[in-house]
Amino acid sequence: MPRPISHERDSAGYLPIEGYGAIGNGRTIALVGADGSIDWCPFSRIDRASVFARILDADRGGYWQIVPDEPWTATRSYLDDTNILVTTFTTEHGEVELIDLMPSIAFGSDLGYSKRLWDGILLRIVRGTRGAVPMRQEIRPGFNYGLESTKVEVIPGRGALLSGDTAALRVILSAEMTAVEDGVVATWVATEGDECFASASYHGLGAVVWADLPDAEARDLYIREVEGWQRWMARCTYDGPYPEYVRRSALILKLLDYLPSGAMAAAATTSLPEKLGGVRNWDYRYAWIRDTSFAIHALNSIGFRDEAEGFLQWVIDVTNDDPTALQIMYRVDGGSDLAEVELDHMSGYKGSQPVRVGNGAHDQAQLDRFGEIIDAAWTHRRFGGVVNGALWEYICEVVELIFERWRHVDSGIWEVRSEPRRMTYSNVMCWVGIDRAIRLAEVDEREAPLERWRALRDEIRAEIMQLGVAPGGYFSQGFGDDILDASALAFPLRNFVPVDHPVMQRTIDEVKRQLTEDGLVGRYVVRDDGDNIDGLPGNEGHFLLCSCWLIDCLTGLGELERATELLEKLLDRANDLGLYAEEVDAESGAFLGNFPQAFSHLGLINTIVNLARAQGDLAHAPDAHYDDITGAMRAGTVHTS
């Protein structure tokens, strides 16, 4: 079972990363702490400036906290099959529920709030369930990453307007509010049977015309949100073991899905550190091309075909049908400007600097993206999708790019900040691109220069097996080096090499020996002293996606008991809500990196489905006409994780 989570802040005012839950509306995401404080929320899009960012600067970042005004304990959970968070506070005098949600642009538009929903509303409901509990609300925005001071205008009986230089919040609360420096506070007593509604509606200008949000209409938004999420989750077809983790992961991925475009953000946050006090702090609020094949397989395998197809379509759309223009990542609206800027005024999570906005890796050369796109199209086809003539032409253009560039140096899957090299994973993904194009041509009987393509596929494989294998007999990170890299665990899943091939077996053994601690896998060896091979100082946590890949390899080898043991250890690493960050500190269990993380939840879905299929525990599997994971990894069927 997930471990209990502390709601205590440290002396500097920070909660542990695992102390947060996520809510969202299809455009942006907010993080709610275990102490009832919203400590992160950009409006009106996930990659825009924050209004609340206490998670990145406890003093100036901004927050909105609702909590009992006396000593308390708390438990929390999501309402079944929703992204509506319920925190239950218990005090000496009674019990209250704090219900947090962001009404979605997909639900409730019939209420006449379409523009306000689009800009963003945070809705909080305090329900007295027992006794009489004194409550306190404190809302102190930090507009534009805390750069702007807040002007406060309290309207007696009508709420308040909190505005910075570039945006404003219209705040409504059933209780009377009092102005304080940079915000408002309110106190009241929540008695059994009472319901108190609080809302904050965002607008990108200081002049706001939003009217009140009456309690009855706020209640309607809440009801529609519950019904909308549960209606969406009813599409889930997964019926195997650990269903609560699969369903929660699907819901988190849906939060990260930017509904206007179909893009999936890699995570909800920026600059949560991979090492406390270190510099490995990146902005992940963008959509990576690399994520497509991972997402398409995971979402299709549990019944969410529309979301899977939407992500693939978005990838094609952002290039305007021209793959030569393909970047490795984009803004969720398709924008290509991701210039990296350091926010020197912010102290960073627990002193981890710099705080970054934008991502300098956006213009790196990363060859794997070409293979990812074609593999995504192949996965789409395997799950019953159609590859039409225009998409086939697009794929053929990508194949030509592989012909031109596969021997180029690049920065690889991990986006190293050191000098580009010839990366083994990147070359494997070039092989994958050619292989999947051949498969598509064969299954749909397309005209294609198959002999030329097969010759290149063979040439790439031969070069990898010659230059991408270290003297120790395992796959290396780059050609000609002896660096062990856990990304090689994905090679059997990509059908590049059988899981029981001698080089793959040695790779698995070395990953277990060198990179694994208590079932968690690091990406590669990084040290605290001096610079590392990736061009960055300091170490990092254990990477959850790589941990999933190790379990997949054990499943492929038929070591199902050990795979199950490691999976259950991994499930126990979730926070109390079933959420994961990018990394975990193996010793303390603390989350590291941005949160919640798409890679972690995608990997978890695929790993659970693969193991369930291998154990014969799935009555329904959308791709059940293919072999189970063991047969796939040994005999040629691809199950991406």
(message) Does Gln230, at its CD atom, have more than 12 non-hydrogen atoms belonging to other residues, nucleotides or ligands within less than 6.0 Å?
(response) yes

(message) Can you confirm whether Leu520 sits close enough to Leu570 that some side-chain heavy atom of one is under 4.5 Å from a side-chain heavy atom of the other?
(response) yes

(message) Side chains of Leu489 and Leu550, heavy atoms from C-beta outward: is any pair under 4.5 Å?
(response) yes

(request) Establish, for the pair Arg235 and Phe304, whether the NZ or CZ atom is under 6.0 angstrom from the six-membered ring centre and no further than 45 degrees off its axis. (result) no

(request) For residues 560-582, pull every pair meeting ring-ring contact (aromatic ring centres under 6.0 Å, His included), keeping only residues two or more places apart or in separate chains. (result) Tyr580-His601

(message) Under a 3.5 Å cutoff, is there a donor and acceptor pairing between the side chains of Ser37 and Asp35?
(response) no

(message) Regarding Asp585 and Ser588, do their side chains bring together a donor and an acceptor under 3.5 Å, going by distance alone?
(response) yes

(message) Using the ring-ring contact (aromatic ring centres under 6.0 Å, His included) criterion, which residues pair with Trp288? Sequence neighbours excluded.
(response) Tyr284

(request) Taking side chain to side chain contact (heavy atoms under 4.5 Å, CB included) as the test, write out the residues that go with Thr564, two or more places apart. (result) Tyr242, Glu568, Leu611, Gln615

(request) Establish, from distance only, whether the side-chain atoms of Glu18 and Asn575 form a donor-acceptor pair under 3.5 Å. (result) no

(request) State, without any angle test, whether Asn83 and Arg248 hold a side-chain donor-acceptor pair at a distance under 3.5 Å. (result) yes

(request) Applying side-chain hydrogen bond (donor to acceptor under 3.5 Å, both in side chains), name anything that partners Gln313, two or more places apart in sequence or on another chain. (result) Asp317

(message) A side-chain contact here means heavy atoms from C-beta on lying under 4.5 Å apart; do Phe475 and Phe496 qualify?
(response) yes

(message) Checking Lys350 now: which residues fulfil salt bridge (charged side-chain N to carboxylate O under 4.0 Å, His left out) with it, not counting sequence neighbours?
(response) Asp10

(request) Using only heavy-atom distances, determine whether the side chains of Asn610 and Thr555 contain a donor-acceptor pair under 3.5 Å. (result) no

(request) With the side chain counted from C-beta on, respond yes when Trp549 and Thr607 share a heavy-atom pair under 4.5 Å apart, and no when they do not. (result) no

(message) Measuring from atom CG of Leu579 to atom CZ of Phe591, what distance do you get when rounded to the nearest 0.5 angstrom?
(response) 7.5 Å

(message) Assess the residue pair Tyr20 and Phe595 against the criterion (ring pair (Phe, Tyr, Trp, His ring centres under 6.0 Å)); give the C-alpha distance rounded to whole Å, side-chain angles, the decisive distance to 0.1 Å, and a yes or no.
(response) CA-CA 9 Å; Tyr20 288 94; Phe595 171 87; 7.1 Å; no

(message) Holding to side-chain hydrogen bond (donor to acceptor under 3.5 Å, both in side chains), I want the full list of residues that pass it with Arg45, two or more places apart in sequence or in another chain.
(response) Asp47, Asp333

(request) Looking only at non-hydrogen atoms, find the nearest pair between Ala268 and Ile46 and report the distance. (result) CA-CD1, 3.9 Å

(request) Pick out which of Tyr425, Phe599, Phe543 makes a ring pair (Phe, Tyr, Trp, His ring centres under 6.0 Å) with Trp414. (result) Phe543

(message) Does any part of the side chain of Leu326, heavy atoms only, come nearer than 4.5 Å to the side chain of Ile373, both counted from C-beta?
(response) yes

(request) Return the set of residues passing salt bridge (charged side-chain N to carboxylate O under 4.0 Å, His left out) with Glu510 (not counting sequence neighbours), or none when no residue passes. (result) Arg506, Arg513

(request) Hey, could you give me the CD1/CD1 distance between Ile608 and Ile302, rounded to the nearest 0.5 Å? (result) 9.5 Å

(message) Working to the nearest 0.5 angstrom, can you tell me the gap between Ile29 CD1 and Trp40 CH2?
(response) 11.0 Å

(message) Show me the pairs that pass salt bridge (charged side-chain N to carboxylate O under 4.0 Å, His left out) and involve residues 259-274, at least two apart or across chains.
(response) Glu274-Arg523

(request) Give, for atom CG of Leu31 and atom CG of Asp39, the distance between the pair rounded to the nearest 0.5 Å. (result) 8.0 Å

(message) If we count only N and O atoms by modelled type, under 3.5 Å, do the side chains of Gln366 and Arg290 hold a donor and an acceptor together?
(response) yes

(message) Which heavy atom of Ser104 sits nearest to which heavy atom of Glu225, and what is that distance?
(response) N-OE1, 3.0 Å

(message) Using ring centroids (six-membered ring only for Trp), state whether Tyr14 and Tyr349 fall under 6.0 Å.
(response) yes

(message) Measuring only between side-chain heavy atoms, which start at C-beta, is Lys254 closer than 4.5 Å to Trp232?
(response) yes

(message) Can a side-chain donor-acceptor contact be found between Ser426 and Asp410 if the only test is distance below 3.5 angstrom?
(response) yes

(request) Go through the structure and list residues passing salt bridge (charged side-chain N to carboxylate O under 4.0 Å, His left out) with Glu372, not counting sequence neighbours. (result) Arg494

(request) Please identify each residue that fulfils side-chain hydrogen bond (donor to acceptor under 3.5 Å, both in side chains) with Glu309, with sequence neighbours left out. (result) Arg305

(request) Not counting sequence neighbours, which residues clear side-chain hydrogen bond (donor to acceptor under 3.5 Å, both in side chains) with Arg285? List them please. (result) Tyr145, Asp283

(message) If I take atom CE from residue Met329 and atom CG from residue Asn359, how far apart are they, to the nearest 0.5 angstrom?
(response) 4.0 Å

(message) Is it true that His297 and Asn606 share a donor-acceptor pair across their side chains at a distance under 3.5 Å?
(response) yes

(message) Going by the rule salt bridge (charged side-chain N to carboxylate O under 4.0 Å, His left out), which residues pair with Glu517 if we only count those two or more places apart in sequence or in a different chain?
(response) none

(message) Working to the nearest 0.5 angstrom, can you tell me the gap between Thr379 OG1 and Ile374 CD1?
(response) 12.0 Å

(request) Side-chain contact test, heavy atoms from C-beta onward, threshold under 4.5 Å: evaluate it for His501 versus Phe491 and give yes or no. (result) no

(request) Flag the pair Trp229 / Phe107 as yes when their ring centroid distance falls below 6.0 Å, and as no otherwise. (result) yes

